[in-house]
There are 2 protein chains.
Amino acid sequence: MGEERVELLKGTLDMLILKITALGPIHGYGIAQRIQQISRDFFQLQQGSLYPALHRLEDRGWLKAEWKVTETGREGKFYSLTRIGRKQLQSEVENWERLTGAVALILQTAE
Amino acid sequence: MGEERVELLKGTLDMLILKITALGPIHGYGIAQRIQQISRDFFQLQQGSLYPALHRLEDRGWLKAEWKVTETGREGKFYSLTRIGRKQLQSEVENWERLTGAVALILQTAE
DNA sequence: ATAGTATACCTCGTATATCTACCTATACTC
DNA sequence: GAGTATAGGTAGATATACGAGGTATACTAT
């Protein structure tokens, strides 16, 4: 089978999580599902990456968490983007674009 | 001044070095200069990142090294891409493109 | 002469982040 | 009653880029 182990580039996960939470409050497990869906199964976010990242983002004040009941009737910790989290997202996206632009310059140099 | 500290995404450095050596044999210090030039000063590769990376790539058989004299009349360790190094570069570029494509899908999702 | 800068190589310790593997618990289906 | 999906979590290993430090040579300016 097309067993492809895809590793995230270290440094992109925070941006992706912030972006997903920018779409509205969502719990951790849901974030992993959304990222997988939208990336057409390219990213398969591991729980050992997800939860530490969420705690990190909350500690930095970029996300805030609230326990609520999900649609399936279970407890879930819903994360939403704070105001400084939104700023952080914006700056990370800008940095990402300049960075991929610079990489593209190098990859495009003719042999 | 526009003092911007730019960190590489962890995982991209090997690809960039391999790409530069694909342009022809070049010594370590020259690789750092080329990367900085081509990226229009966006990347400023640190020597503490550069030399360990070169040794790593040589250990894996992707680069081979040879001492020669530079144009400025000094000793330099010239690196060139091996056959499996070229394959590795190709696969890393493919992965990079699929990865940035997947990130783009997520960043593009409307709020 | 000598002081400073650019070139050229290197190592060590630290910080950070992701992964693998493991654990708990509940709801639903077979 | 067993298995799967959902929901949360932690601990340890690994990788890698960075900062700070070191050596040495060639060239330039004073």
Side-chain angles (χ1 to χ4, degrees), chain A residues 3-18 25-37 42-60 62-63 65-79 92 95 99 102-103, chain B residues 3-18 25-37 39 42-60 62-63 65-79 92 95 99 103:
Chain A
E3 257 316 311
E4 311 216 27
R5 185 169 316 277
V6 177
E7 271 194 44
L8 279 167
L9 273 182
K10 304 193 181 184
T12 53
L13 181 55
D14 289 2
M15 178 177 69
L16 296 182
I17 291 176
L18 292 176
I26 182 169
H27 61 273
Y29 195 83
I31 292 173
Q33 288 181 315
R34 290 280 274 160
I35 287 180
Q36 185 167 342
Q37 270 175 14
F42 186 77
F43 293 128
Q44 276 162 37
L45 186 47
Q46 304 305 309
Q47 300 192 329
S49 311
L50 172 68
Y51 292 111
L54 287 171
H55 300 155
R56 187 165 68 227
L57 296 174
E58 195 184 358
D59 285 347
R60 292 181 185 162
W62 298 336
L63 292 182
E66 204 183 348
W67 285 95
K68 284 189 200 163
V69 176
T70 67
E71 300 130 10
T72 57
R74 322 174 54 155
E75 293 292 310
K77 213 164 158 186
F78 283 73
Y79 289 92
E92 289 199 18
N95 189 58
L99 204 145
V103 169
Chain B
E3 258 317 307
E4 310 218 27
R5 187 169 314 279
V6 176
E7 273 193 43
L8 279 166
L9 275 180
K10 303 195 180 182
T12 52
L13 180 54
D14 289 2
M15 178 176 69
L16 296 182
I17 291 176
L18 292 177
I26 183 169
H27 61 274
Y29 195 82
I31 292 172
Q33 287 180 314
R34 290 280 275 159
I35 287 179
Q36 186 168 340
Q37 271 175 12
S39 72
F42 187 77
F43 294 127
Q44 277 161 37
L45 186 45
Q46 303 305 308
Q47 301 193 332
S49 311
L50 171 67
Y51 292 109
L54 287 172
H55 300 155
R56 187 164 70 226
L57 296 174
E58 194 183 359
D59 285 347
R60 292 180 185 164
W62 298 336
L63 292 182
E66 204 183 349
W67 285 94
K68 282 188 201 164
V69 177
T70 67
E71 301 128 11
T72 59
R74 323 177 51 161
E75 293 291 311
K77 212 164 160 187
F78 283 73
Y79 288 92
E92 287 198 19
N95 189 58
L99 202 146
V103 169

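Atom set for the values below is all heavy atoms of this structure, side chains included, hydrogens, waters and symmetry mates excluded. Everything numeric here is computed off the predicted structure, so don't read it as measured data. Throughout, a chain's letter reflects where its sequence line sits, starting with A, and its residues are numbered from 1.
Listed here is the closest heavy atom pair of B:Y79 and B:L54: CE1-CD1, 3.6 Å. Taking every heavy atom of both residues into account, A:L50 and A:G28 meet most closely at CD2-O, 3.4 Å. Residue A:R60 comes nearest to A:D14 through the heavy atom pair NH1-OD2, 3.8 Å, listed as atom of the first residue, atom of the second, then distance.
Checked by atom type and distance alone, the side chain of B:Q44 never pairs as donor or acceptor with a backbone atom of B:F42 at under 3.5 Å. A:S49 places no side-chain N or O within 3.5 Å of a backbone atom of A:L45 that could act as its donor or acceptor partner.
Taking atom CZ of residue A:F43 and atom C1' of nucleotide C:dC19, one finds them 15 Å apart after rounding to whole Å. With rounding to whole Å, A:L9 atom CG is found 10 Å from C:dT18 atom P. In this structure, B:L8 atom CG and C:dA15 atom C1' are separated by 16 Å, rounded to whole Å. Counting to the nearest Å, the C1' atom of C:dT18 and the CD1 atom of A:I17 are 11 Å from each other. If you measure from atom CZ of A:R34 to atom P of D:dT6, you get 15 Å, rounded to the nearest angstrom. A:E58 places its CD atom 12 Å from the P atom of D:dG8, with the value rounded to the nearest Å. Distance, A:Q36 CD to D:dT6 P: 10 Å, rounded to whole Å. Rounded to whole Å, atom P of C:dA17 lies 15 Å from atom CG of A:L45.
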Could you write out each protein N or O paired with an N or O of nucleotides 6-10 of chain C at a distance under 3.5 Å?
residue: C:dT7; atom: OP2; partner: B:Y29; partner atom: OH; Å: 3.4
residue: C:dT7; atom: O2; partner: B:R74; partner atom: NH1; Å: 3.3
residue: C:dT7; atom: O2; partner: B:R74; partner atom: NH2; Å: 2.5
residue: C:dA8; atom: OP1; partner: B:T70; partner atom: OG1; Å: 3.1
residue: C:dA8; atom: OP1; partner: B:T72; partner atom: OG1; Å: 2.9
residue: C:dA8; atom: OP2; partner: B:H27; partner atom: NE2; Å: 3.2
residue: C:dC9; atom: OP1; partner: B:K77; partner atom: N; Å: 2.6
residue: C:dC9; atom: OP1; partner: B:K77; partner atom: O; Å: 3.4
residue: C:dC9; atom: OP2; partner: B:G28; partner atom: N; Å: 3.3
residue: C:dC9; atom: OP2; partner: B:Y29; partner atom: N; Å: 2.7
residue: C:dC9; atom: OP2; partner: B:Y51; partner atom: OH; Å: 3.3
residue: C:dC9; atom: N4; partner: B:Q47; partner atom: OE1; Å: 2.5
residue: C:dC10; atom: OP1; partner: B:K77; partner atom: NZ; Å: 2.7
residue: C:dC10; atom: OP2; partner: B:H55; partner atom: NE2; Å: 3.4
residue: C:dC10; atom: N4; partner: B:Q47; partner atom: OE1; Å: 3.3

Check against side-chain contact (heavy atoms from CB on, under 4.5 Å), A:Y29 and A:Q47: CA-CA 8 Å; A:Y29 195 83; A:Q47 300 192 329; 3.5 Å; yes
Could you go step by step and tell me if A:W67 and A:K77 meet the side-chain contact (heavy atoms from CB on, under 4.5 Å) rule? CA-CA 4 Å; A:W67 285 95; A:K77 213 164 158 186; 3.6 Å; yes
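Residues satisfying the salt bridge (Lys or Arg N to Asp or Glu O under 4.0 Å) criterion with B:R74, sequence neighbours excluded, are absent altogether.
For the pair B:V103 and A:L9, the minimum side-chain heavy-atom distance is 4.5 Å or more.
Proximity of B:R56 to the phosphate of D:dA17: a side-chain N or O atom is located under 4.0 Å from OP1 or OP2.
Each end of the helix from C:dA1-D:dT30 to C:dC30-D:dG1 gets its own rotation axis from five pairs of C1' atoms, and the angle between them is 10° to the nearest 10 degrees.
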